[in-house]
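Note sheet for the following structure.
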Amino acid sequence: NAGVTQTPKFRVLKTGQSMTLLCAQDMNHEYMYWYRQDPGMGLRLIHYSVGEGTTAKGEVPDGYNVSRLKKQNFLLGLESAAPSQTSVYFCASRAGGSYNEQFFGPGTRLTVL
Amino acid sequence: QKEVEQDPGPLSVPEGAIVSLNCTYSNSAFQYFMWYRQYSRKGPELLMYTYSSGNKEDGRFTAQVDKSSKYISLFIRDSQPSDSATYLCAMINYKLTFGKGTLLTVNP
């Protein structure tokens, strides 16, 4: 049982390049989330999904797109990377219901030059 | 006013000290209150959660919620160097809202 995994662990991009971050969970969770974590800013929600085929905007969605084609995967895309998107990105998932523990992945460190 | 306020620290204590970490919040709709621990270069992991006002104890950790004051605390007794991490409070109404985290260092 791997829990929540993220690919890649590290990446360096040039301004304007695109990339996709992959999140996978093997716990059959309904809800999945993408956060970014920056010094002094804490964890900020980018996008989230409450089930396969659904996505919704979080607190800081601009410049990102997401897709949830399969229940176990949640993809985060950067179409045209900017230096302001340099951050650590965390994926999380949880089961449905009013409260259930949110499990986090190990993070992806992205640098945009 | 931000929904959740947390002093970022850093906080440095000697081994064996009692540590008190705190958050205040403004949204009275928050129902569940959590503390996450995040080691350096790792993802956050749930440490404790509470639903109602009062205390909840788990080993050396005690979570306290005061809904009337909109104030939550995490106490760590007999702190150990392995407790050195960033501690994030978090709260749920319809979504999870995090504090910015407090960096704690426990010195041997």
Side-chain angles (χ1 to χ4, degrees), chain A residues 2-10 21 23-25 27 29-50 54-61 74 87-111, chain B residues 1-11 21-27 29-52 56 58 61 63 65 67 72 74 85-104:
Chain A
V4 180
T5 58
Q6 293 184 230
T7 308
K9 289 184 169 53
F10 304 93
L21 282 68
C23 175
Q25 52 93 5
M27 297 173 281
H29 284 169
E30 290 293 329
Y31 293 68
M32 296 188 74
Y33 306 83
W34 275 108
Y35 294 89
R36 59 178 290 173
Q37 187 174 40
D38 304 288
M41 302 295 291
L43 280 162
R44 293 182 291 171
L45 183 64
I46 304 171
H47 286 279
Y48 64 99
S49 168
V50 299
T54 73
T55 63
K57 293 180 180 180
E59 183 184 355
V60 288
F74 195 27
S87 187
V88 182
Y89 292 85
F90 288 102
C91 176
S93 72
R94 72 173 180 92
S98 58
Y99 169 72
N100 273 295
E101 179 181 352
Q102 204 168 106
F103 292 85
F104 284 82
T108 295
R109 292 185 171 272
L110 175 66
T111 301
Chain B
Q1 181 184 9
K2 291 192 180 298
E3 280 193 299
V4 180
E5 299 273 8
Q6 182 176 10
D7 186 341
L11 185 61
L21 304 166
N22 311 293
C23 288
T24 60
Y25 62 96
S26 59
N27 188 347
F30 285 129
Q31 296 179 340
Y32 293 91
F33 304 87
M34 283 138 279
W35 287 94
Y36 279 79
R37 179 174 60 194
Q38 185 177 20
Y39 290 115
S40 180
R41 296 183 173 267
K42 301 289 186 182
E45 56 181 357
L46 183 66
L47 188 59
M48 295 185 72
Y49 81 91
T50 57
Y51 174 67
S52 58
K56 183 176 181 179
D58 184 1
F61 298 89
V65 175
K67 286 188 174 180
I72 70 169
L74 178 70
T86 296
Y87 290 80
L88 302 107
C89 63
M91 309 174 189
I92 289 182
N93 46 1
Y94 68 93
K95 67 178 179 68
L96 192 58
T97 301
F98 286 90
K100 291 184 179 180
T102 300
L103 177 62
L104 171 67

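Letters A, B, ... are given to chains in the order of the sequence lines, protein chains preceding strands, and every chain is numbered from 1. What you see is a predicted model; the values in this text were computed from it and never measured.
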Chain B/chain A interface donor-acceptor pairs under 3.5 Å:
residue: B:Y36; atom: OH; partner: A:Q102; partner atom: N; Å: 3.4
residue: B:Y36; atom: OH; partner: A:Q102; partner atom: O; Å: 3.2
residue: B:Q38; atom: OE1; partner: A:Q37; partner atom: NE2; Å: 2.9
residue: B:Q38; atom: NE2; partner: A:Q37; partner atom: OE1; Å: 2.9
residue: B:K100; atom: NZ; partner: A:G40; partner atom: O; Å: 3.3

Heavy-atom contact with chain A under 4.5 Å, split by part of B:P8: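 B:P8 has no heavy atom closer than 4.5 Å to chain A.
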Could you tell me which portion of B:L46 (side chain, backbone, both or neither) has an atom closer than 4.5 angstrom to a non-hydrogen atom of chain A?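 Answer is both: backbone and side chain atoms of B:L46 are under 4.5 Å from chain A.
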